There are 2 protein chains.
Amino acid sequence: MTTTPSRAEATRARLLEAAVVAFSEKGFHGTTTRDIAGAAGMSPAAVYVHHRSKEELLFLISRQGHQQALDTVRAARARTPDPVGQVAAVGRAFAEFHAHHHTVARILNYELAALSEEHRATIDELRTGIDRELRDLVREGVAAGVFDTPDPALAATALASLGIDIARWYREDGEWTPTQIGDYYADLALRLVGADASGVSGRPGSSSC
Amino acid sequence: MTTTPSRAEATRARLLEAAVVAFSEKGFHGTTTRDIAGAAGMSPAAVYVHHRSKEELLFLISRQGHQQALDTVRAARARTPDPVGQVAAVGRAFAEFHAHHHTVARILNYELAALSEEHRATIDELRTGIDRELRDLVREGVAAGVFDTPDPALAATALASLGIDIARWYREDGEWTPTQIGDYYADLALRLVGADASGVSGRPGSSSC
DNA sequence: CCTCGGTTACTAAGCGCTTGCTTAGCGTGT
DNA sequence: ACACGCTAAGCAAGCGCTTAGTAACCGAGG
């Protein structure tokens, strides 16, 4: 299916990448179509050869980013049936995602209000999917008696919140790498839900016995 | 000093309140001076009778909000010399602040890029002050041997992050009240730094023995 | 008491500029 | 020959902010 990318496809991608950088730095409303075109090395009109509107660029970025985030959470859960192992894996993967993709992640979480009504509905479905994964995970751990938390739904919210806010404070030249943050947040997720960390492998892929 | 507020002062306050609502809903760049004036029930030109520019409105909101946040953290720490009690009090107070003042708090954390260079420097000082309080708190708890965390600086960052992100997800018609969130986050702060919760009073003001 | 000059709090109108987006046309590769 | 990828130029609308002017209120003089 995926053949050699045509010139047009490469230009589309350049415009999208330029939009990601601009939107995450200055916000959707703080970015002009001339900013995007200029950063992609093109004239202002080039944007409209490949995309319907500035808002469509935002939607394409947001949909792909949310799908990736959802996939990341599902993949982390799928690695083990054990809720304790799952919460550590999700804590790590979700944190690493928001650190590594912090530019996109800022757009995902702070530019929702700039989406059109229809596009917003599509994105909301993906966000509900992520939220459901986390709520189910905490609920299962509590049901299995391996989590100890005074409010499972709020714990799931706090777990998501903790990861998402990394996109706000993370700096590429900061104190920590995405991997270090992932290590710390795997442990933090276990503390948050009140799980016993013993027996949980430190890194994905390593054996637990 | 504070006499009966003049008509002009009341109008200034109305404009500021309208700006808070508009900025937090649509962002600084998504808000027009006509939006603000209209919400305050005035003509567009009225904004400039009381304020130099739209950016000055943002700065006034941001400076007052950051000062309040810093005061809140300092007050929570001042209630006890015990690091364990302090981290519970700060976890509670910081969370309650961001839930209760979620509109202002969104502006504080998501509109920093819209400030002028000079104004940004002033705000950064206040933010550094908050960060220092939290880092000092975790460092002291670790030094006293009552906290157990693999990375004290990252723990302080996560503690701040947890509170700040409440401003993003909190809804007035949501599942939890600011007080409920405060209760949960007091406990969560203790878990985050690895402190033993026994002996910490559940609510500020109640006796611990 | 009323009147009057000055101050205060505000608005109607609009200026210069930027915005998102369109149109008409040109150069290039096949 | 002709479709494709792109640009130069520009339009209508909306932006932050300014200017000129007006209605409402003030203490002081008659």
Side-chain angles (χ1 to χ4, degrees), chain A residues 3-62 107 111 113-120, chain B residues 3-62 107 111 113-120:
Chain A
T3 53
T4 310
S6 71
R7 192 135 162 280
E9 278 163 351
T11 306
R12 268 178 72 96
R14 280 224 324 282
L15 284 166
L16 273 168
E17 184 49 40
V20 166
V21 172
F23 288 163
S24 82
E25 270 176 15
K26 303 186 286 188
F28 179 79
H29 291 298
T31 300
T32 70
T33 55
R34 285 162 179 82
D35 289 338
I36 297 167
M42 318 202 79
S43 80
V47 172
Y48 297 89
V49 174
H50 299 280
H51 301 283
R52 260 188 247 275
S53 66
K54 190 176 99 163
E55 193 270 345
E56 197 200 67
L57 278 168
L58 176 63
F59 173 64
L60 291 174
I61 292 163
S62 193
I107 300 168
E111 302 299 338
L115 288 165
S116 74
E117 212 171 309
E118 297 84 33
H119 287 164
R120 176 63 190 266
Chain B
T3 54
T4 310
S6 72
R7 193 133 160 285
E9 279 161 352
T11 306
R12 267 177 73 95
R14 282 224 322 284
L15 284 166
L16 272 169
E17 184 50 40
V20 166
V21 172
F23 288 164
S24 83
E25 272 177 11
K26 304 186 286 188
F28 178 79
H29 292 297
T31 299
T32 70
T33 55
R34 286 161 178 85
D35 289 337
I36 297 166
M42 318 202 76
S43 78
V47 173
Y48 297 90
V49 174
H50 299 281
H51 302 283
R52 261 188 246 276
S53 65
K54 188 174 99 163
E55 192 271 346
E56 197 200 67
L57 278 168
L58 176 65
F59 173 63
L60 292 173
I61 292 163
S62 194
I107 300 168
E111 302 299 337
L115 289 164
S116 74
E117 211 172 312
E118 298 84 31
H119 287 163
R120 176 62 190 267

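All values derive from a computational prediction rather than experimental measurement. Computation of the quantities below employed the complete heavy-atom set of this structure, encompassing side-chain atoms and omitting hydrogens, waters and symmetry-equivalent molecules.
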Study note, to complete from the structure: In this structure, OH of A:Y48 is separated from OG of A:S43 (nearest 0.5 Å) by 11.5 Å
Exercise for review: Output yes when a side-chain donor or acceptor of A:K54 lies under 3.5 Å from a complementary backbone atom of A:T31, and no otherwise.
Suggested key: yes
Check your understanding: Going by the angle between their ring planes, with limits at 30° and 60°, are A:F28 and A:F23 parallel, tilted or perpendicular?
Key -> tilted
Exercise for review: Treat a base pair as Watson-Crick or G-U wobble with both distances under 3.5 Å, then lay out DNA chain C in dot-bracket form, 5' to 3', with | for cross-strand pairs.
Suggested key: ||||||||||||||||||||||||||||||
Review point. What is the per-nucleotide protein-contact pattern of nucleotides 13-30 of chain C, from the 5' end, where B denotes a base atom under 4.0 Å from a protein heavy atom, S denotes such proximity for sugar-phosphate atoms only, and - denotes neither?
Key: -B----BBBB--------
Review point. B:T33 versus B:L57: any side-chain heavy-atom pair under 4.5 Å?
Key: no
Revision key, fill the gap. B:M42 CE to C:dT8 C1', in whole Å, measures 13 Å
Check your understanding: Considering only heavy atoms from C-beta outward, does the side chain of A:D35 approach that of A:K26 to under 4.5 Å?
Key -> yes
Check your understanding: Under 4.5 Å between any side-chain heavy atoms of A:L60 and A:E55, yes or no?
Key -> no
Point to revise | Expected output: side-chain A:E111 to main-chain A:L58 donor-acceptor under 3.5 Å | key: no
Exercise for review: May I have the distance from B:H51 (atom NE2) to D:dT18 (atom P), rounded to whole angstrom?
Suggested key: 14 Å
Exercise for review: Without swapping roles, check the side chain of A:R34 against the backbone of A:P44 for a donor-acceptor pair under 3.5 Å.
Suggested key: no
